[in-house]
2 protein chains.
Amino acid sequence: MKIPFAASEPNQPHCDDCAVRPLGICAALDRGELRELDHLGRHVHFTSHETVFAQEELTTSFYNLLEGVMRLYKLLPDGRRQIVGFALPGDFLGIAISARNNFSADAVGAVAVCRFSRTAFMQFIADKPHLLRRINELVIRELGQAQDHMVLLGRRSAEEKVASFLIGWRVRLARLGDATNTLPLPMGRQDIADFLGLTIETVSRTFTKLERDGVIEIVPGGVRLVDLERVEVLAAA
Amino acid sequence: MKIPFAASEPNQPHCDDCAVRPLGICAALDRGELRELDHLGRHVHFTSHETVFAQEELTTSFYNLLEGVMRLYKLLPDGRRQIVGFALPGDFLGIAISARNNFSADAVGAVAVCRFSRTAFMQFIADKPHLLRRINELVIRELGQAQDHMVLLGRRSAEEKVASFLIGWRVRLARLGDATNTLPLPMGRQDIADFLGLTIETVSRTFTKLERDGVIEIVPGGVRLVDLERVEVLAAA
DNA sequence: CGTAAAATTGATATTTCTCAATGAGAGTGG
DNA sequence: CCACTCTCATTGAGAAATATCAATTTTACG
């Protein structure tokens, strides 16, 4: 059975010993600001498949992802889904959002976040130019990734899409310290398909083909990049 | 013959009587800031197909588009192109760009821009929280559009893509005051194709089909939305 | 161990692309 | 003013990639 509601942590930890402290937003904060932030954030847990926030909803909170993976997606009225990104620890969700959410977000596996009230956080950053600049930087980086992804969606073949996905995922995990050629893929095939603009069958067939070609090996819960170089060539810069 | 180099205006106009003054960045500036900006910007003209800046180049300038249309695009090594957006008057190019350009930009027809030195502009905004917030807003809006476009590229049919494009283009022109059902399409079919992740032939066929169905009428230099409602249904919100 | 969900595989359908030809319009030089 | 040429758009026929539908197989989980 699933726990229906997100549980709030009883003993609130401090920013000082936060795992994602050197990542994302918090990296730009000085000692005093961190202390201030300590009072604004609350740790919240979500179980797999729980929705953290939904498209079109009024944005009441911002989230700093501490642990786990989230999928960020948009739905068409007829149910077609496009995943616009996967969030990893250190990613800050909400800055890139106006009064209403542009997309939905839910947990892929267990997730822990640091939640901030939107208004409180807005107030916190309002007159801190260095923080505003930092946030700007982060949003601009996201925009750049979005543009890269447009190229992938609009102009690449299924095989190139899958290869690019693996390379991109690897790079992101590497930045979190997990620098190995065996990639965990906590999201399902359908998620990958909806991220790459493909069907689940095409994703599955492409994985199989890459494995037959000796480029990757499909392992439980992920993939091993047998021939990294070749994956990179397929991803075609 | 084409004029090979962009011509710099001899008599520099003032922000006060700038056509795009109430749009984009400048809308957020007060009297004094505008006067300051007057000294930073230089008007520059480009002729059709001229490149304003190129992908990977070091970003030395920001541009406020005054007149005309620009296409913003990324190229794959093998020449495939994805247009990530079209810029219209009032759009500010550069904020969303880091040290190196994320994409190339060139003129679709004649273009006039107000050019700023990157360093001077950065200095200008550095300690103006209200301006930083405004820029944030604009980048976030762009990111939202990018995410919408991902849905289009990844999950929509050719017909839906074309219909969405027409609706989106109409909305943008309407914001500039041109609120009619006859849309000028200054960009060519290949540009539309590269924006929508289609081939030129598919775009052409889709236009023809929409015309046969009595939804649009293809006119020289553009398209008339005969049955706006139906276009909107096809665009499928 | 049994059941449900997820992934894979196969056969076929459909969409979109590719290649090739034709047609229309804009600008040029005679 | 009229051929001429060039580019761009359209159209057609066939090919290819990916989607769809259906059936297994595998994995995860109680």
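Predicted, not measured: the structure shown is a model, and the values here were computed from it.
Here the P atom of nucleotide C:dT15 and the CZ atom of B:Arg156 are 17 Å apart, to the nearest Å. Rounding to whole angstrom units, CD of residue B:Gln190 and P of D:dT10 are separated by 12 Å. Here the P atom of nucleotide D:dG12 and the NZ atom of B:Lys209 are 15 Å apart, to the nearest Å. Note: CG (B:Leu198) to C1' (C:dC17) measures 10 Å, nearest angstrom. The CD1-P distance, from B:Ile218 to D:dC8, rounds to 18 Å in whole Å. Atoms CZ (B:Arg81) and C1' (C:dC17) sit 17 Å apart, rounded to a whole Å. Regarding B:Asp194, its CG atom lies at a distance of 15 Å from the C1' atom of C:dT16, rounded to whole Å. Rounded to an integer number of Å, the gap from CG of B:Leu185 to P of D:dA9 is 10 Å.
Side chain of A:Thr208 to backbone of A:Ser204: a donor-acceptor contact under 3.5 angstrom is found. Distance alone, capped at 3.5 Å, places no donor-acceptor pair between the B:Asn101 side chain and the B:Ser104 backbone.
End-to-end axis angle for the helix from C:dC1-D:dG30 to C:dG30-D:dC1, using five pairs per end and rounding to 10°, comes out at 40°.
Under a 4.0 Å N-O distance rule, the pair B:Asp91/B:Arg172 qualifies as a salt bridge. At a threshold of 4.0 Å, the pair A:Lys74-B:Asp148 counts as salt-bridged, since one of the basic side-chain nitrogens sits closer than that to a carboxylate oxygen.
Ring centers of B:Phe195 and B:Tyr73: at least 6.0 Å apart, outside the cut-off.
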Using a cutoff of under 3.5 Å, can you pull out all pairs of nitrogen or oxygen atoms linking the protein to nucleotides 21-27 of chain C, with atom names and distances?
none

Filtered N/O pairs between nucleotides 20-24 of chain D and protein, under 3.5 Å:
| residue | atom | partner | partner atom | Å |
| --- | --- | --- | --- | --- |
| D:dT20 | O4 | A:Arg205 | NH2 | 2.7 |
| D:dC21 | N4 | A:Glu201 | OE2 | 2.9 |

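For the pair A:Met187 and A:Arg155, both in contact range of DNA chain C, the more 5′-proximal nearest nucleotide belongs to A:Met187.
Listed by chain and residue number, B:Arg71, B:Arg81 satisfy the salt bridge (Lys or Arg N to Asp or Glu O under 4.0 Å) test with B:Asp191 (two or more places apart in sequence, or in another chain). Taking B:Glu217 as the reference, B:Arg224 meet the salt bridge (Lys or Arg N to Asp or Glu O under 4.0 Å) condition, with sequence neighbours excluded. Under the salt bridge (Lys or Arg N to Asp or Glu O under 4.0 Å) criterion, B:Asp213 pairs with B:Lys209, not counting sequence neighbours.
Sparse packing is recorded around CD of A:Glu67, with 12 or fewer heavy atoms of other residues, nucleotides or ligands lying under 6.0 Å away.
Using modelled atom types, one finds a donor on one side chain and an acceptor on the other under 3.5 Å when comparing B:Arg170 with B:Asn181.
For B:Ser204, no side-chain nitrogen or oxygen approaches OP1 or OP2 of D:dT11 to under 4.0 Å.
Among the heavy atoms of the strands lying under 4.0 Å from B:Gly197 are primed sugar atoms or P, OP1, OP2 only; no base atom is included.
Taking the six-membered ring for Trp and thresholds of 30 and 60 degrees, A:Phe46 and A:Tyr63 have ring planes more than 60 degrees apart, a perpendicular arrangement.
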